[in-house]
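Order of the sequence lines sets the chain letters (A, B, ...), proteins ahead of strands, with each chain counted from 1.
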Amino acid sequence: MAERDVVLEVDSLVRHFPVKGGLLGRGRSAVQAVDGVSFTLGRGETLGIVGESGCGKSTLARTVVGLDSPTSGSVRYRGTDVHRASGRELRQMRRSVQIVLQDPYTSLNPRKTLRDLLMQPFEIHRDVLPRERRIARIKELVELVGLDPDHLDRYPFQFSGGQRQRIGIARALALEPEVVVCDEPVSALDVSVQAQVVNLLRRLQRELGLSYLFIAHDLSVVRHISDRVAVMYLGKVVELGERAQVYDRPRHPYTRALLEAVPIPDPVGRDERVRVLLAGDPPSPVDPPSGCRFRTRCPKAEDLCAVTEPALAVEATPQTEAACHFPDHTPLARLGA
Amino acid sequence: MNRRKRWSAAVAGLAATLTLAACGLNEGNGEPGASSSGGAAATTLRIGTTTDVANFNPLQSLSKTDNWILNAMYPHLLRIDADAKKVPELAEKYEYEDGGKKAVFTLRNDFVWSDGKPVTSADVKYSAEMIMKYKLGNVAAKLTWVDAIETPDDTTVTFTLKQPYAPFAEGVGFWMSIVPKHVFEKAGDVSKFANDSDWIGAGAYILQTATPGQRYVMKRNDKYPYAPEGGAAVETVEYRVYPDVNTMQLALRNGDIDLMGTPVPASAVASFKDDQKIKLQEVGSLGFAHITYNVNNEHLAKQKVRQALSMVVDTQSIIKTVLQGEATPMVGPISPIFGEYDNTELQAYAFDPAAARKLLEEAGYADKDGDGKLDDLKLEMVCDQSNPNLTRVAQVVREDAAKAGVELTASCVERNTFLSRTKSGDYDIDVSQWAVFDNPMDQLRSTYLSSNPGGINYNLVKDDKLDQLIDAAAGTTEHAPFVEKVQEIDAYVHDQALLTPLYVEKIRFAYDGSKFTGFQPSPSDLLGMVTGYSLSQVKPVA
Amino acid sequence: MSAPVLSVDDLSVEFATREGTVHAVRHVGLDVHAGRTLAILGESGSGKSVTAQAIMGLLDTPPARVSSGSIVFEGTDLVGASERTRMRINGEGIAMVFQDALSALNPVYTVGDQISELLRVRRKLSRSAARARAIELMERVRIPAAARRVDDYPHQFSGGMRQRIMIALAVALNPRVLIADEPTTALDVTVQAQIMELLTELRRENGMGLVLITHDLGVVAEVADDVVVMYSGRIVERGSVEELFQRPAHPYTRGLLRSMPRPDREDDELWAIPGAPPSPLRAPGGCAFNPRCDAVVDVCRTDQPELRLIAAGRHSACHLSQEVFDGRA
Amino acid sequence: MSAPIPETTQAVAVPTAPPSRMDGLRRFVTKPTGALSLAVLLLFVLTGLFGPLFVDRPGGLGTDILQAPSASHWFGTDDLGQDVLAQVVWGTRVSLTVGAAASGLAIVIGTALGLFGAYSRRADAWITTVTDLMLSLPLLPLMIIVTAIAGPSIATLTVVIGLFSWPEVTRLIRSNGMVVVAMPYIDGARALGAGGWRIVTREVLPAVVPLVVVSVLLTAARAVISEAGLSFLGLGDPDSWSWGRIMLNAQRSGVLSTAWWQTLFPSLAILLLVLAATVAGVRFNDTRDPRLKDR
Amino acid sequence: MVVFTVRRALRAVLTIWIAVTVTFFLLRLLPGDPTLLVVEGDMTPEMQQALRVQYGLDKPMLTQYWLYLTELVQGNLGTSFRQLQPVTDIIVARLPWTLMLAGSAFVLTILLGIPLGVYAAAHRGRRLDRIVQMFGITGHALFVPSIAILLLVVAGSWMGWFPIGGAIDPDTRGLAAYLSLFHHLALPLFSLVIVQLGPYALTLRTNMLEVLGEDYIKSARGRGLSSRRTLWKHALRNAILPALTLMGLQLGTLVGGAVLTETVFAYPGVGRLIFEAVGQLDYPLLQGAFIMLAITVVVANLITDVVSMLLNPRIRT
């Protein structure tokens, strides 16, 4: 691969939420939602981020687009620190990094028509497009995402879930961003509709050269859309690499367990499938285990894991990096596949 | 703690709280009526009153309830009978000596303080001297000319006067409460003596317990000389506080009380007429309702302003409506009750707001900002909330005054507050009712004499000419010239418009006639049915 | 195959709403056999949960109403059965595991209270015996330190543990049929696998009939023996799991299978079913799937296809079911 | 004695259906109680506006004293011979004025604070604390004290009632504003770069406007009750007729038990007006709350 | 749990402090400085000054405030302008009556409201439910004095069922005293309960309906627990919490209602005291009465909170 054109750089990002408690309501402890995450995103590339609930992937998404501010670390869009930017830089950044939210049923103001919703970006950024050209642009956008331009005066509730997610995508694209963060964009949709939206996102990426940060808990969808995949566990990235590597030769025991847990929609040979089931639920991010955070559920954990935290060496190279003292190197066995 | 325990703990806590709140029920109320139930004699008479006792010191008390309770407890030299005649109480008789310069009271020897000590001339002397010393109450005005008080023996008191004054003995005899010297003496400065517990009295009833806001319980004094053979039938007199006249009326109908201490408001008289068991007792009036102007107010100092205000008071309509016609109009400060003293030639200020406004404009008031009100002429009118008739009058006068461009505010306040405000001169206009004037001379002296010590000169008037007229009249012993002089003062005060008389009310008291009979009412709303003498004569209906 | 424990026939449920009557479930029939897992596969609004609630008698009536059909459990028709009968069969005959265990457990009672209440009321156990049995049940569903955690409240457990407690409650009275309504949808994938395994294990151990309601083809493929596919309130296809996945006989089933991204494969473009599932209020005429169908013919827009037998143990409600089944359409 | 906003309005779901105003209004009016309450409200407003043009201002001394209701005096007369109907009609104006003005004041303060609290976490801590404090205090005694000192007048009553009525509004607007602020579409607007002012005024406020309408009605209803209470305690404007004052007059003149018409008719007026406003508020709230459709 | 209680208690203290501070400054900053009223009319400037010194009115306002606070902490609320007695004594003599009236109203409302609300929710749409709904909405429109006068005139006067005025027949002892107490309490109590009950029952009904739609109710029924059991055990316990919180918040209103009720029934509580103090323009007494009522309400609120907490494991743990 030629020199990567890095558009987004996340460096040692930390986001802790103070926990209410104590006599005066002052927090002594904190939810360590995101705890030292680093990665880069190249132009036209999709980085998939997977993990279970509470692993911090949504906080990461919100922090990247500026909906949340980091406790430490930085997010840089083409060299500009997203959270330190102000004035012109900030506006530019806002335009260039957009988000598609999870739930299309609640992420659109029910009181606004499709026209209002799509007009909103231009009202906030008045300098992007002169007033008289906005309607034409809105119609373009509507067609781009496969909606009917005659429906501009409809309210969100008059659209189906899939259509609403298309509206959300159109809105994110209105300001011609370079990076789109997709925060679980299909998980609220019906199974039969998910594929439409995934296909749309892929088409738009091809046509517009977008970079995606694609966040999901559904490993199948992530595999389908991503170039590279990061696996998060309790606020940390435990494995990061090219998707084929991650999916077929997972190194981290967590990645492995995660992949083995996913049911395969094919009954043939199901009784012969081997899977190592993890015990219990992920621990609370308020008080994560010492050393390696996964050690409490890890089948391979040893004393070392409780003491030393394994580091993840992140390099922009197409290989897998796993934060584990005892990484695996065998391919994932998938009988019946 | 498990769930069940928590529940039961919560319930138990709640129950405990409620029990605690209800604990000590009726404790500290003194001896209950039941404990002294001496058979049929254990009769309780319950009287409704609107206000609490503000002051238990009879030498300086003001409110009605104070008077009712304290007058029954502390004897007076004379009392007033149903025909407004002074008759003996503590004093057997009195006579003037030395051309009227000496008033000699002979006391009965059978009045005894409730601690067993006899009531003697020393108590009378002490009471009078304390009033003079500390200028207490309106009695102080009646004692102004006293030079010396002597007590030749235990049953004789001699007041030596600087000048002869005909109404002296009646005034002092009727008004002055006699307090036990041996009790009050210990307090030192009697003007500061609260006298709010362990009462020692010699009247018909002695106060036992006081629960402010609720009730005052008095017990029969078995040694009261005027009680009928075998003692008063009513053993316990209980005043219950009903701050609202409606609840008091309902309580009477309901049988919660047996007598309303305050007169029935004119508007409610009709409603009692249908009630079989409720009896209405009409008594004569020794007082009258009036509007008084505080001349210390820069506006009210002007005669024209006062006259103009008199012209916005529609007394005829007020009598017709508010009093339902049950009252007599009057002109000038002398009530028609006093017959010949009333100057019948006086013409009332006619009700005419337009003319009143003209008069005010003559006095220099103008409506420059065109809001219909004369500029700067704002006055506060105080009245007693517990008198339903007068609160309504105040409202009517307020509206009529507005027609003449005068902005009046009506502050109808709780009775004790009203009394303390008028007493301290903290008002502009005062709408009130005199309860008792036993003679015109005392009235004029009490109300208009500028030198009046501790008196009831609510106008706060200091008018040399008026002083001279009053003094001259007081010194006049011959009847005809005396009447003439009183009439002259009547006319002068009327012309000065120091007060606007409203009416002489027909007073009616309501009581449960199915239970009690034998009241010995006295004229006036202050004395009415509840003098110690009257209560001691009450009998239960068999 | 033995006689079914639970047999639903021609069940229709409608809801009265302000906008009109909604036919949430129409003419649904299914059999549950002891020791087997029946999966009801469908998307939101397909009527699968309403069917489950109708079986349990948990629908709010009104607005809901069972307008036709029967639900026969061991010879007793539960439609129109008395509250007594219902309460006798619920829990002991048929039990249910809900999707969101947090909201399905009473927040103000400890989990021990909730389990032992059931045992005391239904099994007349003493307080201490019920508690001991509650701990046993919690251990059975593999809750660590059950004896200690029996006095904890639902909110003190993690999602997976709560679902285990929900299952413990459901199996406390050894029901003959266990209905699991999307039991793992709210859970993470690693926990999901544990719960599915637990359910399967319990089914095997107790010989229960398990009814698994889900929208997840993967889960169906992993655990079901028989599958019914529901779309817009109707059963569109029925068959054993292997056959149904191998040879779908309804274009909807086929589309679903094709559009699933798989974790073990990489595809460039997914197959997509166009459009969206119809609202239960405005189902299209004819076959409800016709606007989205890739094999649609004229008759689909006018006539409602019946659920027909197309091969041994295979039913499909499509005018072209045979063609689809044979791969010709 | 302020009535609480019925609980039904507190758990308002953000409607997923569109806020088609005409639709809501139509549904509102087609409900019999909704239409009836509106009609009653309208009747009172008309009486307040035009009644005094037809009925003389009660005042002075009449000749018919304490007359029971009759053809010449529909509501009877009081102890001054004044027509109680005239007093009630003139009192309508004051009750409506104070109710509307005080509720307006409370709404403005309450909505502003509520929205501010809903949006700004930092401000919220203070706003909730103060609101809860205010709510938990016995406000009637406080209003009594303040009115007594400030000197009773319509302006005093309005300001006092208004200033002590906003916490209910704040609580309502805040709790619902919080729901709206937590909605992902607010994040959507923020991600587009919308500022706080824009979000509050363009996204949150429109969402709570129906609630503000409900709140206006309910707050006004409570204000009318408060005004009547203060007037009944003798703290009303002595220059204006008010329903509470009519009852106070009946009490002061000692005719409570006999002249029942003097307390009955103002009581009925209070009951009807407040009931109409409350019902209108509750019904209006119901029509826009989709969850209540089937109840 | 302890932390919760302590935090609530601190908050209660804060509430009281704010109430005290607000009234203190409100009374002194409003036009018509009430402290001037203590100085009687015709006094020389020297005497006025002496009085001002005596009452501490010559000091800067913040000093006065500090003095007031320190005295307050020691239970001293100053001296009544009119009655010349310590305000605390006057109020303490009246407070138990108000506590009993408002407290019984609170308890009775809950005791009656629970079955009404539960029953209405369980039988949604039936007659009793409709009555509860109507009553619930009408409750907001009831003017306490109207109800009180109605009860006073009809039940007290026309029918003569209840005594009028006062709180107890002073001559009764033991059981008779309790009976007399409740006999006197009945009418004021009912006029408060009538106003409060409907809205409370309606609130509970609404909460019950919400709870009855919850999965855990369905789940309980799915386990074969009877409807009665699910209703009274599983649903009620959850529905009562928000209703209790609301009742706590309504305590201030309840006390406001007590002021009006006591006025009409001549009940010797703090409410009537306030009415009298308004007539007397007795500001220290008014201020003291308000502060005492505020303290009462805040403490009652605290108790309600703690009870809620005991009933709600989610707060407790």
Side-chain angles (χ1 to χ4, degrees), chain D residues 1-8 10-11 129-130 132-151 171 218 221-222 224-226 228-229 232-235 243-244 247 250-251 256-257 260 263-264 266-268 270-279 282 295, chain E residues 11 14-15 18-19 23 26-27 30-32 34 124 136-146 149-150 152-153 157-158 195 199 202-203 206-207 209-210 242-243 246 248-253 255-257 259-260 263-264 271 274-275 278-279 281 283 286-287 289-290 293-294 297-298 301:
Chain D
M1 72 289 59
S2 64
I5 296 184
E7 194 66 8
T8 46
Q10 283 173 0
T129 308
V130 172
D132 282 1
L133 295 190
M134 287 283 285
L135 280 172
S136 65
L137 289 177
L139 289 182
L140 183 69
L142 194 55
M143 289 199 257
I144 292 173
I145 300 177
V146 176
T147 314
I149 294 171
R171 194 162 74 110
L218 298 181
R222 281 202 313 270
V224 167
I225 293 253
S226 298
F232 178 72
L233 292 173
L235 291 162
W243 297 333
M247 295 173 70
Q251 198 198 25
L256 275 191
S257 58
W260 48 268
T263 44
L264 178 70
S267 291
L268 282 182
I270 295 171
L271 180 71
L272 268 182
L273 174 62
V274 177
L275 190 60
T278 312
V279 169
V282 171
R295 286 196 183 160
Chain E
R11 208 179 139 116
L14 179 73
T15 307
I18 288 186
T23 42
L26 208 58
L27 293 191
L30 277 173
R124 201 170 74 198
I137 289 181
T138 315
H140 297 288
L142 294 180
F143 183 43
V144 175
S146 297
I149 290 172
L150 185 77
L152 179 78
V153 171
S157 173
W158 294 357
V195 173
L202 187 60
T203 304
T206 313
N207 292 349
L209 283 182
E210 212 150 279
L246 187 84
L249 278 179
Q250 284 294 103
L251 275 170
T253 308
V255 167
V259 172
L260 293 164
T263 304
V264 173
I274 286 179
F275 179 65
V278 167
L281 301 170
Y283 295 99
L286 277 175
Q287 190 177 357
F290 169 70
L293 284 183
V297 168
V298 168
N301 233 324

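Looking at heavy atoms from C-beta onward, W260(D) lies out of side-chain contact with V153(E) at the 4.5 angstrom threshold. Side-chain contact between W243(D) and F143(E): absent, with no pair of heavy atoms (C-beta onward) separated by less than 4.5 Å. Side-chain contact between V297(E) and L137(D) is absent, with no heavy-atom pair separated by less than 4.5 Å.
Among all heavy-atom pairs drawn from T138(E) and L275(D), the shortest one is CA-CD1, 3.6 Å. In terms of heavy atoms, F290(E) sits closest to P138(D) at CE1-O, 3.3 Å.
Your options are V264(E), I149(E), V195(E), and the one with the most heavy-atom pairs under 4.5 Å with chain D is I149(E). For the set L233(D), I144(D), I270(D), V224(D), the count of heavy-atom pairs under 4.5 angstrom toward chain E peaks at L233(D). Comparing L256(D), L273(D), V130(D), L142(D) by heavy-atom pairs within less than 4.5 Å of chain E, the highest count is held by L142(D). Between chain D and the options A294(E), G248(E), A243(E), A289(E), the largest number of non-hydrogen pairs under 4.5 Å is found for A294(E).
From L133(D), atom CG reaches atom OG1 of T15(E) across 4.0 Å, with rounding to the nearest 0.5 Å.
Contact of L251(E) with chain D is not made at all, since no heavy-atom distance falls under 4.5 Å. With a threshold of 4.5 angstrom between heavy atoms, T263(E) approaches chain D through its backbone and through its side chain. Residue L268(D): no heavy atom, backbone or side chain, is found under 4.5 Å from chain E. The parts of L286(E) that come within reach of chain D are both its backbone and its side chain, each placing non-hydrogen atoms under 4.5 angstrom from that chain.
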Quiz prompt | Pair T129(D)-L14(E), side-chain contact (heavy atoms from CB on, under 4.5 Å): steps then yes or no | solution = CA-CA 10 Å; T129(D) 308; L14(E) 179 73; 4.2 Å; yes
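S146(E) pairs by the side chain to side chain donor-acceptor pair (under 3.5 Å) definition with S267(D), not counting sequence neighbours. With sequence neighbours excluded, the residues forming a side-chain contact (heavy atoms from CB on, under 4.5 Å) with L135(D) are T131(D), D132(D), P167(D), E168(D), R171(D), L249(E), listed by chain and number.
Among the candidates V259(E), L293(E), I274(E), the single residue satisfying the side chain to side chain contact (heavy atoms under 4.5 Å, CB included) test with L140(D) is V259(E).
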